[in-house]
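Just the heavy atoms: all of them, side chains too, but no hydrogens, waters or symmetry mates, feed the values below.
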Amino acid sequence: MTTIIIGASLSGLVTADQLKQRDPTRQVIVIDQVEAEDLRKKYTEKNAWEFFPLPAELKKLDFFWQTEVKQIDPATKTLICWQGEQKLVVPYDQLVVATGSSYTPHQSKFSRYHNAYLYRAQEHYQLNQQKFAPFKRIAILGYDATSLQLASQLVDQGKQVSLLHYRNSVLFQFFDHEMIAPFEQLLEKQGIAYYPQATYCQAQTYREQITALDLGCERIPVDCIVTFAPTFPNTKLLRGVVDLNDDLTVKTTEAFQTSQPDLFAVGDIVAFREADGTNKYLPSLAWELQTAKKVVQLLLAQESLTLEAAPFTVNVFDHFLASYGITQDLAPYRGMSGVQQTSYHFGKEASWCGTLKTVFEPTDQRLLGVQVISRCPAETEFDTLTQLVRQKKTLSEALTTISRLFQRLDPIHS
């Protein structure tokens, strides 16, 4: 059995690694255009290296570095590749495409304006602070930790900051809506004008400068805007081979099987299915890992495979925010229904200090995820909580540990 992975993306490497570990007799080949030494740099930039540090098991894989796949022929189950000037015809039994996404700043609708700045999540700290000096009113388009950190920096510089995004809450991938809502209410106290669900956003301009953002129901005067540098799914190789969605993501089953037998897709090129059944392009480390997990389960006919994203933590606006495992809001999209939750509020002298939320199975009460938002440092406590989830402790088993961990924070009710 030969399984070929196109793309040494995080989802591609996880798929290859897990297949080889669980089926040592399987030949697993990874094909990528980059050189082997470029891999560490790529994953350091994507903040994925700490989670997946390329274990020794990858040495058991076959790598075709500096190799470009030019054509996929599902009828003959072969790939046409070029390695330098050498043409290769590579047969496969199963094919997994993990080509990821690319950064394409020229495709942003705001990129042509002189006072619009694009950034990538890994690079905003390198933004030249002097470029914001002439501006007083700055709008940030984004919903992730990077957007919050950048907003915090600009507020500290005395700027008037507006934060806009199309989701109904910030950090929606890591926190349930009711959990993050109290933190969002604090944004205005920090001097930030907060606009969730800003699905319509058009620029009003004058002489190639953005002067305001029109939200349909409100107009926001701005001196400049800062927005995500957009990424797009790398599915050019698959056009005409498998069915694609309108946003060029790959149409797949829930197990990420494409319209072609024995051809699967994982990672950023697979759309995230919303609650209303629509698909949305949503590149993220957590989604990459989830798709890899499902494909490995299908290829090996296994019912379960434990593979979760790395813990998420951020310190912003004098708050510690941390999340690990599954959230209640996103559980249905991961094939889980009916998960339950309980929350614990803690503080000093009956004043709110923070909230801990646990998500668990309804049957055996096995912990699936934890979320913490705190005004006091809780890194040590959160590290212990992640271990409880990894060890699959039940809620009753964890209660003693939770009580002990937050005793110094004076729990006030649960």
Side-chain angles (χ1 to χ4, degrees), residues 1-32 39 48 51-52 54-64 67 69 71-79 81 89-101 233-235 237-238 241-245 249-273 279 283-309 326 333-336:
M1 175 70 71
T2 299
T3 301
I4 293 181
I5 317 292
I6 302 178
S9 60
L10 176 63
S11 55
L13 289 176
V14 168
T15 301
D17 176 56
Q18 297 299 316
L19 283 174
K20 191 64 177 181
Q21 284 196 54
R22 287 163 172 76
D23 184 5
T25 63
R26 178 187 298 258
Q27 183 183 25
V28 181
I29 300 173
V30 180
I31 301 177
D32 200 287
L39 210 55
F51 170 76
F52 192 70
L54 292 183
E57 286 79 0
L58 286 187
K59 296 179 180 179
K60 301 176 183 177
L61 304 174
D62 295 321
F63 283 95
F64 286 14
T67 303
V69 180
Q71 182 181 347
I72 300 173
D73 186 351
T76 61
K77 289 192 175 182
T78 57
L79 305 177
C81 310
V89 179
V90 186
Y92 66 85
D93 296 306
Q94 298 167 328
L95 182 64
V96 179
V97 181
T99 45
S101 55
N234 294 326
T235 53
L237 181 64
L238 292 170
V241 178
V242 300
D243 295 338
L244 302 180
N245 296 305
T249 55
V250 183
K251 283 186 178 180
T252 68
T253 65
E254 291 186 0
F256 305 111
Q257 187 170 17
T258 71
S259 56
Q260 289 286 354
D262 298 316
L263 202 164
F264 306 84
V266 293
D268 290 351
I269 65 174
V270 179
F272 183 87
R273 190 166 287 109
N279 295 317
S284 73
L285 293 180
W287 185 235
E288 286 194 65
L289 293 170
Q290 178 66 13
T291 58
K293 168 184 173 180
K294 286 285 188 181
V295 165
V296 171
Q297 287 177 357
L298 180 64
L299 295 182
L300 298 180
Q302 293 184 344
E303 293 184 359
S304 63
L305 176 66
T306 301
L307 193 63
E308 296 295 342
I326 294 174
Y333 307 140
R334 300 190 178 186
M336 311 186 73

Next on the checklist: Distance alone, cut at 3.5 Å: any donor-acceptor contact between the side chains of D268 and S101?
Outcome noted: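 Looking only at side-chain atoms, S101 and D268 do form a donor-acceptor pair, the distance falling under 3.5 Å.
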Item to check | Side-chain donor-acceptor contact under 3.5 Å, T15 with D17 | outcome: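 Side chains of T15 and D17: no pair found under 3.5 Å.
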Locate the shortest heavy-atom distance separating [X] from [Y]; write the atom from each residue and the value.
{"X": "C81", "Y": "V90", "value": "SG-CG2, 4.2 Å"}
{"X": "N245", "Y": "A271", "value": "ND2-CB, 4.0 Å"}
{"X": "T291", "Y": "G267", "value": "OG1-N, 2.8 Å"}
{"X": "V30", "Y": "A16", "value": "CG2-CB, 3.7 Å"}
{"X": "Y92", "Y": "I72", "value": "OH-CG2, 4.2 Å"}
{"X": "A98", "Y": "S9", "value": "O-OG, 2.8 Å"}

Spatial distance of atom [atom1] ([X]) from atom [atom2] ([Y]) [nearest 0.5 Å]:
{"X": "Q21", "Y": "L61", "atom1": "CD", "atom2": "CG", "answer": "9.5 Å"}
{"X": "I269", "Y": "T99", "atom1": "CD1", "atom2": "OG1", "answer": "4.0 Å"}
{"X": "L299", "Y": "F256", "atom1": "CG", "atom2": "CZ", "answer": "12.5 Å"}
{"X": "K251", "Y": "T235", "atom1": "NZ", "atom2": "OG1", "answer": "13.0 Å"}

Item to check | By side chain to side chain contact (heavy atoms under 4.5 Å, CB included) - contacts of T2 (at least two apart) | outcome: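 If we apply the side chain to side chain contact (heavy atoms under 4.5 Å, CB included) test to T2, skipping adjacent residues, the hits are I4, Q27, I29, D93.
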Checklist entry - What residues, two or more places apart in sequence or in another chain, satisfy side chain to side chain contact (heavy atoms under 4.5 Å, CB included) together with V242? => result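 So V242 forms a side chain to side chain contact (heavy atoms under 4.5 Å, CB included) with L238, L244, V250, T258, S259, Q260, L263.
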Next on the checklist: Are the side chains of Q94 and R26 in contact, using a 4.5 Å heavy-atom criterion?
Outcome noted: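 The answer is yes; the side chains approach within 4.5 Å.
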Next on the checklist: Does any part of the side chain of V97, heavy atoms only, come nearer than 4.5 Å to the side chain of F264, both counted from C-beta?
Outcome noted: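 Of all side-chain heavy-atom pairs linking V97 with F264, none is under 4.5 Å.
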Next on the checklist: Run I31 and I5 through side-chain contact (heavy atoms from CB on, under 4.5 Å) and show every step you take.
Outcome noted: CA-CA 6 Å; I31 301 177; I5 317 292; over 6 Å; no
Next on the checklist: Among I6, V89, D73, exactly one meets side chain to side chain contact (heavy atoms under 4.5 Å, CB included) together with L79. Which residue is that?
Outcome noted: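 Only one option passes, and that is I6.
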Checklist entry - Among all residues two or more places apart in sequence or in another chain, which pass the salt bridge (Lys or Arg N to Asp or Glu O under 4.0 Å) test with D262? => result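 Counting only residues at least two positions away or on another chain, D262 forms a salt bridge (Lys or Arg N to Asp or Glu O under 4.0 Å) with K77.
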Checklist entry - Is there a side-chain contact (heavy atoms from CB on, under 4.5 Å) between V295 and V96 once you walk through the steps? => result CA-CA 8 Å; V295 165; V96 179; 4.1 Å; yes
Checklist entry - Would V266 and E288 count as a side-chain contact (heavy atoms from CB on, under 4.5 Å) if you check the C-alpha gap in whole Å, the side-chain angles of each, and the deciding distance to 0.1 Å? => result CA-CA 7 Å; V266 293; E288 286 194 65; over 6 Å; no
Item to check | Steps toward side-chain hydrogen bond (donor to acceptor under 3.5 Å, both in side chains) verdict (T252, Q257) | outcome: CA-CA 5 Å; T252 68; Q257 187 170 17; over 6 Å; no
